[in-house]
Amino acid sequence: MLLDLIGISFKRLKNRMVESVVVILSLAFGLAVVSTIISVIFAFGDSLNDVQDNPWRRVINVYPAEFEGADYGETIKKIGNKNLIEGVEFSLEDIERVKESCPSIDYAYIEDWMSLYDQEVEDENENWWETSPAAFGVNNDWFLFNKKELEGGTFFSTEDYINGNNVVVLGNNIKNLLFAQENPIGKDILFGDKSFKVIGYLKADYGDSKESDIEERKANKWDDNNYVILPYSYKTMKDGTTKISYFSLGIDDYNNLEKAVEEVKYYLNSEFPGNGLMIKSSLDWNDDFDNTSKIILRIVGFIAATALLIATLTNLNLMLARVTREKKGFGISQALGASKAIVFINTLLDSVVVGFVGAFLGLLLMVLFTIGADVILGSAGSVVSATLSVKTFVINIILSIFITSLFSFFPALKATQVAPSQVLRED
Amino acid sequence: MIKIKNVKKSYDLGVSVVNALKGVDLNVERGDFLTIMGASGSGKSTLLHILGLLDLPSEGEYLIDNIPVQNLPDKELARIRNKHFGFIFQSFNLFNELNALENVMMPLIYGKTDKKDRKNIAVDLLKKVGLDHRITHYPNMLSGGEQQRVAIARALANNPDLILADEPTGNLPSEKGAEIMNLLIELNKQGTTIIMVTHDDKLGRCGNKKVVMKDGVMLSHELVENPHIPEPTCC
Ligand SMILES: Nc1ncnc2c1ncn2[C@@H]1O[C@H](COP(=O)(O)OP(=O)(O)OP(=O)(O)O)[C@@H](O)[C@H]1O
Ligand SMILES: [Mg+2]
């Protein structure tokens with residue numbers, strides 16, 4: 001019987017062409033606009049997540065106030081010469097304790113540039129740091145936080161850290177440059193007169209850089225893939241201890257950043273009062289980005305909700321009007337032996353059929369709109385694109401079912417409330 | 001077959017209460033052709049709708065084959081209307097979006113008749129009312145008389161025991177009305193019980209029983225001696 005009733009609903013749809021077309025178009029248009037907007041929001045969210053997923057967004061840097069404002073070369077020079085570092089210097093235990101005391105912190109790592117030149121060379125040569133390899137002293141958390149994986153060999157052992165052994169792990173590209181296809185493990189490399197044993201090398205790591213960017217990155221000394229990585233303890237002080245003046249704290253989930261910064265500030269200020277430390281994170285410069293994106297998302301979401309509401313109300317209104325106009329039909333049906341339940345289903349189907357056609361058209365329109373939106377966004381130079389995804393299709397379908405139920409249910413309910421004797425008496 | 005006892009029907013309009021039926025008793029036997037007459041507003045349609053289970057009495061009893069029906073669930077009432085009753089209205093009340101055949105098939109769909117049988121039954125009925133050449137016509141392509149014949153075919157779809165007709169000829173020229181009346185008389189002869197509301201004195205004497213309503217009460221209830229048979233050509 002259901003099939004017959006669906007068939008009849010389609011006949012009715014054909015019979016009330018103009019009205020049905022209005023409903024179908026308003027539904028299709030509303031749905032298409034909404035799902036296109038949603039696909040833009042998704043793309044926006046994705047690009048936001050991409051950004052948030054960037055390691056630099058999930059780092060808190062702790063360094064002496066004197067570093068502030070110095071450019072990279074200068075900073076390094078100052079660390080190298082140790083002439084500007086005052087106040088607090090940390091031991092590895094201190095850093096580990098920061099991590100343990102601040103529950104939001106997942107990593108405490110050191111990434112300290114290491115001059116491989118002797119002091120005399122540095123003193124003689126103004127630009128010594130430009131010609132030195134990008135050698136960095138790190139601890140284990142550095143590998144973990146940066147998700148560095150070995151292609152061959154091993155990471156540093158505890159002993160390597162304790163003794164500050166002359167061992168290195170090479171970035172993928174510099175390993176290729178130095179050893180080509182040869183296995184570098186166990187080989188020695190020389191910087192000046194110092195010899196280092198290669199104990200491991202990393203997998204290539206270019207994120208999702210484009211082909212042309214990868215070439216550029218390979219040529220850049222400061223790119224991760226050209227790093228020469230040493231145990232952070234390689235650089236020891238004259239008194240034989242390893243002091244750390246600059247370290248980083250990492251978290252896995254960007255959403256914890258704010259809390260983590262609070263924790264770190266609180267901890268460092270209570271443990272090292274008057275330390276003159278700078279505690280900086282991406283929070284200090286990404287507020288603008290976040291605020292604009294929030295505003296844009298709100299506006300766009302508002303437009304979507306309005307479009308949806310209008311489509312729903314239009315259809316609800318039309319369907320209710322139809323029930324009022326055609327109430328006699330419900331009386332006739334009941335005279336012919338339809339129960340109230342059948343009248344309900346019948347009327348529901350009338351709207352559902354319209355909703356179905358509208359949803360189908362809405363999907364087609366959505367594809368067009370999304371392509372159009374992508375072109376417009378692209379030509380406006382936006383980093384955000386509108387992309388079709390299974391998610392948007394599913395959302396479109398769920399939305400159309402939801403809206404259709406809304407504008408189907410109430411009219412159907414109203415239809416069952418029509419008293420047959422009342423409408424049939426009006427001859 | 002059908003018995004109502006002291007049936008009352010009132011409509012509460014808030015400001016006032018309309019007593020459309022003020023205690024009506026009626027007995028309809030199988031094979032009867034009962035006509036209901038009376039002035040406009042006397043409660044004829046109200047009575048017919050209660051008899052046809054399209055409305056429930058406010059008070060009183062309604063028995064079909066001695067079984068009270070007013071407390072049956074809606075689904076069961078619908079089943080009785082579908083299987084045992086057929087309705088004919090003054091304004092035909094066909095579904096405009098369905099053609100003649102589909103209109104006749106509607107009670108069969110509601111009654112869950114097998115799909116393959118539906119069409120045969122409907123075609124046969126349209127033949128019976130002389131419309132086999134109008135099967136795929138939509139109501140707006142049919143004359144009033146033809147529409148009413150489709151409605152009769154539709155009322156007969158489930159081979160009902162009782163036909164309830166509310167001024168079936170009211171919207172038709174008398175010649176066409178006479179045709180319809182003869183169809184009903186013929187059906188009655190074949191055993192279908194008929195209850196018909198009419199304004200027309202002559203048509204009121206077409207059946208074997210006649211009641212006259214006035215202001216919600218039954219004024220008279222009489223047997224008709226020589227039932228009148230309208231002449232299709234006479235007027
Ligand atoms: N739903 C209702 N609400 C209020 N009053 C009603 C309702 N239905 C019927 N009535 C009243 O009940 C009375 C009987 O109405 P009914 O339709 O049965 O008359 P009728 O004899 O069929 O008249 P007509 O010959 O004009 O068709 C009338 O006064 C009518 O106004
Ligand atoms: Mg009436």
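Throughout, protein chains are lettered first and strands after them, A, B, ... in sequence-line order, and every chain is numbered starting at 1.
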Exercise. Measuring heavy-atom distances to chain B, does A/A338 have an atom under 4.5 Å in its side chain, in its backbone, in both, or in neither?
Worked result: both

Exercise. Tell me, side chain or backbone of B/F85 under 4.5 Å from chain A's heavy atoms, or both, or neither?
Worked result: neither

Exercise. What part of B/K83 gets closer than 4.5 Å to chain A, counting heavy atoms only: side chain, backbone, both or neither?
Worked result: neither

Problem set entry | Electrostatic pair B/K9:B/D55 at N-O distance under 4.0 angstrom | yes

Exercise. Between A/F407 and A/F402, is the ring centre distance below 6.0 Å?
Worked result: no

Seminar exercise, completed: Among A/A419, A/S333, A/S339, A/P420, the residue with the most heavy-atom pairs under 4.5 Å to chain B is A/S333

For this session: Give a yes/no verdict on a cation-pi contact between B/R154 and B/F95, requiring under 6.0 Å between NZ or CZ and the six-membered ring centre and an angle within 45° of the axis.
Result: yes

Problem set entry | chain B interface, residue from A/N15, A/L5, A/D4, A/I8 that has the most non-hydrogen pairs under 4.5 Å | A/D4

Exercise. Going by an N to O cut-off under 4.0 Å, is there a salt bridge joining B/D114 and B/K119?
Worked result: no

Problem set entry | Residue B/E167 versus chain A: region with a heavy atom under 4.5 Å | neither

For this session: Could you tell me whether a side-chain N or O of A/N396 sits under 3.5 Å from a main-chain N or O of A/S35, the two making a donor and an acceptor?
Result: no

